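Residue numbers start at 1 and run along the sequence shown. Quick note: numbers below take in every heavy atom, side chains included, and nothing from hydrogens, waters or symmetry partners. Remember, it's a predicted structure, so these values are computed and weren't measured experimentally.
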Amino acid sequence: MDRLIARDRCPALATPAMPPEQRLAMPAQSFESFQASERRALTMPKLDFTPWFSRLVVFGGGALLTAYGAYQMYKVVEVGGVTFLEWVLLVLFLMNFSWIALAFSSGLLGFFSLLMKRAPKMTVPETLHSRTAVIMPIYNEAPSRVFGAMEAMAADVARTGLAEHFEFVFLSDTTNPDVWIAEERAFLTMRARVAPETAVYYRHRSDNTGRKAGNVADFVTRWGGAYDHMLVLDADSLMDGTTIVALAAAMEADPDCGVIQTLPLIINRNTLFARVQQFAARVYGPVIAEGLRLWMGRSGNYWGHNAIIRVKAFADHAGMPVLKGKPPFGGHILSHDFVEAALILRAGYAVTMVPGLVGSYEESPPSLIDLAARDRRWCQGNLQHVRVIGAKGLHPASRQHFATGIMSYLASPLWLLQLIVGIIIVLQAKFIRPEYFTTGFSLFPSWPRFDAERSLSLFGATMGILLAPKLFGLLVTLARGDERRASGGFFTLIGSTLLEVILSALLAPIMMVIQSGAVMNILSGRDTGWNPQRRDDGSIPLRDIFRRHRTHMALGVVSGIAAFLIAPSLFAWMSPTIIGLLLAVPISWASGQLAIGLWLKRRRLLLTPEETNPPPIAGTAAAIIADLASAEQDDIDGLRLMHDDSGFREAHIAMLPVSGQRRRGDIDLNRAVAIAKLGDADSIGKATRWLDKPKERMIVLRDAALLGMLAKLPGDTGEGEMQERPAPT
């Protein structure tokens, strides 16, 4: 009866918060067994291809470069014979050099491809035959941001005239009770504002099992049967309507495709650190992504967002197993997106990437510390893939994706270890008396020696290979007149690139130490939490920055003094690393400063084309977000709103899932305390003050009977009592 009343008083709930369930089975997949006969036959074999030439260029070129580096490094250390430590140094160098050599050859392939071709033009089909759910998993995000962005996307899709083929779904895993209620209010507001043909739904999940992967799986298993595709977004995602429709059309045209991944461009960033990332992604990213596209072909990867997925393929083949053992290497798979792509590819579906498709956007962390916090979670997820990389039946390209992800974090401790071994060798040569003659017969003494001239040449070649993809991206942008002018012009673009290289060089040693620490923590068995990401201001109190980076500064001081005492030449060689660590606190502080980023923006430095000519969807989203924020959609007291606004309370009760009966004798301590506090309160003010723990508030907000008790409490004059008003309609 309450639900009927709510729909009568709140037209936004004339349609249920979620559509009728159409369930799909999503069995957990096995990593231990798979038969080739289980792989599906292709529906349209003519679309299938293997990019042998591109793979030969990338992997053959990477192998040749690695062989060259190995030979040169051996010649550096073989003077006078190779000691044990020099062999260790050689092996570490090869592991690191092979990583950058492969990136170089892939970037070179992408560079020539972009120089020779034009960006593809998107065409909007006149009609579609499929149904796509645009889903946004959210977790304790500012409601104005996520609902404003989704409303802008829904409006843009409606402008294509194909809105009836898309439904927009919020999948909330929010654990903050006030944010949850703010989400519901924003959902009702959005429903009242969008075009009548636009379907908008919202589901809040009280059990956060499996984190984002579990959130998406819950949607697929309960409602996935109603949809052909799902377009998966992140909380900071933004896509224009033409791109969304084009992706759905591409999936219709290719029945053998399971995933189409776009290359999201970073926009709306203004802190120094975020602008550096935004510029780098815009100028260098397309070259790297194009190289990946060419060698991956139809054996690509999935990055977890801004991608469209065939729902039935996902349900049948991408169910995540729970790894045996405890976190960090056991339990739920954190970096699930790579694994989902590998399993879909194993089943016989294609996974493709379209980096040239404009209209796909995201944001980035605002400061170095915010990136480090996100990186810690990604590091654990990628290292977990050592448990998956050997799974039966995987495509070799999938194993390469896993290896790349693992190496992206192992590279930091390997570089650090290489640096330490190099210092020990120099220290040994300078301060420890060498064994001039070993116990065996030898005409010459055995001691560590280097070919200094060849070492310098190899260092220069390594730096050239490392920085080459940045140069490739710069040259492509300079060659494209519109992008060059929108990035500030020829000289400004070169200046921005030099600034980005300098700032990245200063940040690199700090990130090397941070990631090395993260790897060590994970190897020692420490699990990461699940905290919401900060999206906006990157300013952090200086004392917190000092606390976070004091060990980095201390390491810089010790390394600098030790290197100088050992040899001034060693200090000069290590100076980029030493300077970065010494300046860790001011660099980290500056990274999150909005004023510095805006100062550079006014001088057109680190400028991107999307800042000069903002995408219309970004302007629309910004206006809606500002409108929702000004209407105080984010900052509310959920309990007080439930007390003061009967229409919204009834709407909220209508959205609650039907809960099972509590078993007699099964007492929840938090529930008992919440009921006692609510029973003792003689006013709404006391109830909101006494119910001060999130778990207690959640219990009240999930229970219609307890909400009824809350509603009967008298108000407190002068305590910010809200006026009775209907729910948004």
With side chains defined as the heavy atoms from C-beta onward, is the minimum distance between Ile522 and Cys379 less than 4.5 Å? yes
Which heavy atom of Gln400 sits nearest to which heavy atom of Leu102, and what is that distance? NE2-CD2, 3.3 Å
Derivation and outcome, side-chain contact (heavy atoms from CB on, under 4.5 Å), residues Met353 and Trp303: CA-CA 10 Å; Met353 184 169 66; Trp303 301 332; 3.3 Å; yes
Give a yes-or-no answer on whether the side chains of Asp370 and Ser367 include a donor-acceptor pair shorter than 3.5 Å. yes
Heavy-atom pair with the smallest gap, counting every atom of Leu238 and Ala618: CD2-CA, 3.7 Å
Given side chains that start at C-beta, do those of Asn96 and Ile100 come closer than 4.5 Å, heavy atoms only? no
Do the ring centers of His401 and Trp295 come within less than 6.0 Å of each other? yes
Check: Gln593 and Leu272 side chains under 4.5 Å, non-hydrogen atoms: no
Nearest 0.5 Å please: distance from the NE2 atom of His385 over to the CZ atom of Phe329. 11.5 Å
Under 3.5 Å, is there a donor-acceptor pair linking the side chains of Glu610 and Tyr361? no
So does Ala518 get a backbone contact from the side chain of Arg526, meaning a donor-acceptor N/O pair under 3.5 Å? no
Quick one: does Arg548's side chain have a donor or acceptor within less than 3.5 Å of a partner on Arg543's backbone? no
Look only at the side chain of Ser105 and the backbone of Gly61, and say whether a donor-acceptor pair between them is shorter than 3.5 Å. no
Separation between CZ (Arg547) and CD1 (Ile369), nearest 0.5 Å, reads 10.0 Å
Between Lys601 and Leu606, is there a side-chain heavy-atom distance shorter than 4.5 Å? no
Once you round to the nearest 0.5 Å, how far does CG of Leu475 lie from CG of Leu114? 11.5 Å
Does the pair Glu363/Arg145 count as a salt bridge with the N-to-O cut at 4.0 Å? yes
Work out which heavy atom in Gln261 is nearest to a heavy atom in Gly304; give both atom names and the distance. OE1-N, 4.1 Å
Mark yes or no for whether Ser412, through its side chain, and Gln515, through its backbone, hold a donor-acceptor pair below 3.5 Å. no
Side-chain (Ser588) to main-chain (Leu368) donor-acceptor, under 3.5 angstrom: no
If you define the side chain from C-beta out and look only at heavy atoms, does anything of Ile502 sit under 4.5 Å from Ser504? no
So, does Glu141 use its side chain to make a donor-acceptor pair with the main chain of Ala235 at under 3.5 Å? no
Going by heavy atoms in the side chains, are Met73 and Leu89 under 4.5 Å from each other? yes
Verify side-chain contact (heavy atoms from CB on, under 4.5 Å) between Glu290 and Leu294, making sure each step is shown before the conclusion. CA-CA 6 Å; Glu290 179 67 7; Leu294 288 170; 4.0 Å; yes
Does the ring of Trp378 carry Arg376 above it, NZ/CZ under 6.0 angstrom from centre and within 45° of its axis? no
side-chain contact (heavy atoms from CB on, under 4.5 Å) assessment of Thr612 paired with Ser487: CA-CA 7 Å; Thr612 303; Ser487 300; over 6 Å; no
So do the side chains of Arg55 and Ser299 get within less than 4.5 Å of each other, counting heavy atoms only? yes
Answer yes or no: is there a donor N or O on one side and an acceptor on the other, between the side chain of Arg484 and the main chain of Leu478, under 3.5 Å? yes
So CZ of Phe338 and OH of Tyr302: to nearest 0.5 Å the spacing works out to 11.5 Å
State plainly whether the residues Arg282 and Glu611 are in salt-bridge range, i.e. N to O under 4.0 Å. no
Working to the nearest 0.5 Å, report the span between CD1 of Ile389 and CD of Gln384. 14.0 Å
How are the rings of Phe97 and Phe93 set relative to one another: parallel (under 30°), tilted (30 to 60°) or perpendicular (over 60°)? parallel
Does a side-chain N-to-carboxylate-O contact under 4.0 Å join Asp234 and Lys212? yes
For Glu362 and Ser237, does a side-chain donor sit closer than 3.5 Å to a side-chain acceptor? no
Over all heavy atoms of both residues, which pair between Leu263 and Ala289 is shortest? Give the atoms and the distance, please. CD2-CB, 3.7 Å
Without swapping roles, check the side chain of Gln418 against the backbone of Trp415 for a donor-acceptor pair under 3.5 Å. no
Nearest heavy-atom contact between Thr271 and Pro366 is OG1-O, 2.6 Å
I'd like to check Ser408 versus Asn382 (side-chain heavy atoms, cut-off strictly below 4.5 Å). Are they in contact? yes
Has Phe112 got more than 12 heavy atoms of other residues, nucleotides or ligands less than 6.0 Å from its CZ? no
As a quick check of understanding, evaluate side-chain contact (heavy atoms from CB on, under 4.5 Å) for Val585 and Arg550, giving each step before the final call. CA-CA 7 Å; Val585 168; Arg550 59 190 175 188; 6.0 Å; no
Once rounded to the nearest 0.5 Å, what's the spacing between atom CG of Asn306 and atom OG1 of Thr262? 4.5 Å
When you measure from the side chain of Gln277 to the backbone of Ser364, do you find a donor-acceptor pair of N or O atoms at a distance under 3.5 Å? no
Give a yes or no answer on whether the side chain of Ser398 reaches the backbone of Leu394 with a donor-acceptor pair at less than 3.5 Å. no
Would you call the rings of Tyr284 and Phe279 parallel, tilted or perpendicular, where under 30° means parallel and over 60° means perpendicular? perpendicular
Please name the pair of heavy atoms, one in Leu416 and one in Ser516, separated by the smallest distance, quoted to 0.1 Å. CD2-OG, 3.8 Å
